[in-house]
Amino acid sequence: MERLILCGGGHVSLEVAYMASHLEFEVVVIDDREEFANPERFPMAAQVLCKPFLEALDELGSRSDDYYVILTRGHAFDGECLAKVLQGDYAYVGMIGSKIKVAAVMKRMKELGFHANVLAGVHSPVGLQIGAQTPAEIAVSILGEVIQERARKGPGTPPPPSEKGVLCTITRKSGSAPRGEGTWMLVHPDGTCVGTIGGGAVEYRAKLDALEMMKNGVERDHKLYDLSHAAAELGMVCGGKIEVDFENRKG
C-alpha cells in the first residue's frame with residue numbers, strides 16, 4: 001500500500017488524514033510538536049512520529065510509491081522537508097503555501113543545487129485549483145490531486161512475499177470495471193484486506209475465494225468475475241469483467 005506522509009500535524013493535515021484513511025493509503029504523520037503529533041489526534045494514522053522533521057524522514061526511509069504532502073508551520077520547515085524528500089524516492093510531493101512562500105522555498109532549493117526539472121515536478125501550491133478555503137476544502141483539493149497522480153502512475157507496489165495472505169491481482173479488464181490491470185488486494189488470514197480491486201460485490205466474492213484458498217491450502221488460482229450481472233440486478237448500465245490471479249503467500 002502506498003504511504004501518504006504528512007509533514008506537519010496542523011488543521012489541514014488532520015482533515016487530509018481523515019479523508020486519506022478511506023482512500024487505501026497508509027497514513028503517516030510527522031511533526032516535532034507533541035500536541036500536534038500524537039495517536040489521540042490522529043487515530044486513523046498507521047504511524048505518528050513526534051520528532052524533528054529530518055530525523056523522522058530518515059527513520060521512514062523513502063519508497064518509489066511514497067506520496068508526500070508538506071504542510072508545516074513555516075517555510076523554513078517546508079524547505080527542510082522538501083530538500084530531504086527530493087533526495088530520495090517518491091511518487092508525488094506537494095507543498096502548501098502562498099505564491100510568495102513557494103517562490104522563496106524554490107529559490108532556496110535552486111541554491112542547494114536541485115535541477116529545475118526536479119523542482120518542476122513539485123506540486124506547489126499543492127492541490128487542485130477549486131477555490132478551496134476551509135481546511136476540509138483544502139484537504140479535498142489536495143487529495144483530488146493525489147488521486148489524479150496515483151491514477152496516472154498506476155497501482156502501487158504490492159506487499160512483500162513475507163506478508164502472509166492471498167494476493168489478488170487483476171490481470172485483464174473489459175468494459176467499465178472500476179479498476180485496471182495490475183490493481184491488487186492482499187487478503188490476510190483474519191479477513192482484513194490491504195489494497196482494493198474495485199470494492200462492492202465482486203471484491204467481496206474475491207475475498208471469500210481467497211479465504212477459501214487459505215483454508216484448503218490452494219497455492220494459485222485464476223477467476224473471471226462478471227460485474228454485469230450485479231449491475232443488471234441493480235438496474236444499472238455499467239458493468240464489465242475482470243480476471244483475477246490469486247497467489248497464496250504463506251509467509
Side-chain angles (χ1 to χ4, degrees), residues 1-17 19-20 23 25-33 36-37 45 47 49 51-135 137-157:
M1 181 184 292
E2 301 100 324
R3 295 189 299 185
L4 180 67
I5 300 170
L6 303 175
C7 300
H11 299 309
V12 173
S13 185
L14 184 61
E15 296 289 350
V16 172
M19 295 181 193
L23 297 174
F25 281 104
E26 178 186 340
V27 178
V28 180
V29 181
I30 62 176
D31 201 299
D32 59 356
R33 301 167 293 174
F36 286 94
Q47 280 184 278
L49 301 179
K51 296 183 177 183
F53 289 107
L54 293 184
E55 183 180 337
L57 289 170
D58 268 333
E59 181 176 325
L60 289 171
S62 67
R63 305 174 186 169
S64 60
D65 58 356
D66 281 338
Y67 289 71
Y68 291 90
V69 180
I70 300 173
L71 305 160
T72 78
R73 61 187 180 277
H75 70 273
F77 292 110
D78 287 345
E80 186 177 272
C81 291
L82 181 59
K84 181 65 177 177
V85 170
L86 293 179
Q87 292 172 39
D89 297 322
Y90 56 89
Y92 168 96
V93 56
M95 182 178 68
I96 202 168
S98 65
K99 291 183 179 180
I100 294 175
K101 175 182 171 182
V102 169
V105 173
M106 290 303 176
K107 180 175 181 292
R108 178 57 180 155
M109 294 302 103
K110 290 177 183 177
E111 292 171 352
L112 291 174
F114 289 103
H115 196 276
N117 289 343
V118 173
L119 299 180
V122 177
H123 297 261
S124 192
V126 69
L128 301 177
Q129 301 305 305
I130 59 174
Q133 298 293 325
T134 67
E137 290 174 347
I138 294 169
V140 169
S141 76
I142 291 172
L143 288 171
E145 186 172 73
V146 167
I147 292 168
Q148 185 179 69
E149 190 68 13
R150 181 166 67 173
R152 186 181 71 82
K153 292 182 178 297
T157 304

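A quick note: this is a predicted structure, and the numbers were derived from the prediction, not measured.
- Rounding to the nearest 0.5 Å gives a distance of 12.5 Å between NZ of K51 and CG of D32.
- The heavy-atom pair separating G88 from S62 by the smallest distance is CA-OG, 3.7 Å.
- D65 approaches E2 most closely through the heavy-atom pair O-CB, 3.3 Å.
- Note that CG of L71 and CD1 of I30 are 10.5 Å apart. Values are rounded to the nearest 0.5 Å.
- In plain terms, the two heavy atoms of A139 and V12 that are nearest each other are CB-O, 4.5 Å.
- Salt bridge R33/D31: present, at least one basic N to carboxylate O contact under 4.0 Å.
- Heavy atoms only, all atoms of each residue included: C7 and L57 are closest at SG-CD2, 4.3 Å.
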side-chain contact (heavy atoms from CB on, under 4.5 Å) between H11 and I138, intermediate numbers included: CA-CA 10 Å; H11 299 309; I138 294 169; over 6 Å; no

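- Contact check for I70 versus S124: no side-chain heavy atoms found under the 4.5 Å cut-off.
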Donor-acceptor pairs under 3.5 Å, side chain of residues 146-153 to any protein atom, not counting sequence neighbours: which ones?
from	atom 1	to	atom 2	distance (Å)
E149	OE2	R152	NE	3.4
E149	OE2	R152	NH2	2.6
R150	NH1	L23	O	3.1
R150	NH1	E24	O	3.4
R150	NH2	L23	O	2.8
K153	NZ	A91	O	3.4

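- Exactly one residue among L86, I5, D66, V69 makes a side chain to side chain contact (heavy atoms under 4.5 Å, CB included) with V93. That residue is L86.
- Side-chain N or O atoms of E137 include one that pairs as donor or acceptor with a backbone N or O of T134 at under 3.5 Å.
- Taking the side chain as every heavy atom from C-beta outward, L60 and Q47 approach each other to under 4.5 Å.
- Ring-plane geometry between Y67 and Y92 is classed as parallel, the angle between the planes falling under 30 degrees on a 0 to 90 degree scale with a further cut at 60.
- Heavy-atom contacts from other residues, nucleotides or ligands closer than 6.0 Å to NE2 of H75 number 12 or fewer.
- A salt bridge links K107 with E111: the distance from a Lys NZ or Arg NE/NH1/NH2 to an Asp or Glu carboxylate oxygen falls below 4.0 Å.
- A donor-acceptor pair under 3.5 Å links the side-chain atoms of D78 to the main chain of T72, judged by distance alone.
- Listed for the E145 side chain is no donor-acceptor partner under 3.5 Å among the backbone atoms of S141.
- Side-chain contact between D89 and R63: absent, with no pair of heavy atoms (C-beta onward) separated by less than 4.5 Å.
- Residues F114 and L82 have side chains not in contact (no heavy-atom distance under 4.5 Å, counting atoms from C-beta outward).
- Nearest approach of V27 to A20, heavy atoms of both residues: CG2-CB, 3.9 Å.
- For the pair A45 and V29, the tightest heavy-atom approach, listed with the atom from each and the gap, is CB-CG2, 4.2 Å.
- Looking at heavy atoms from C-beta onward, V122 lies in side-chain contact with M106 at the 4.5 angstrom threshold.
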With side-chain contact (heavy atoms from CB on, under 4.5 Å) as the test, would you mind laying out the steps for K84 and D58 before giving the verdict? CA-CA 9 Å; K84 181 65 177 177; D58 268 333; 2.6 Å; yes

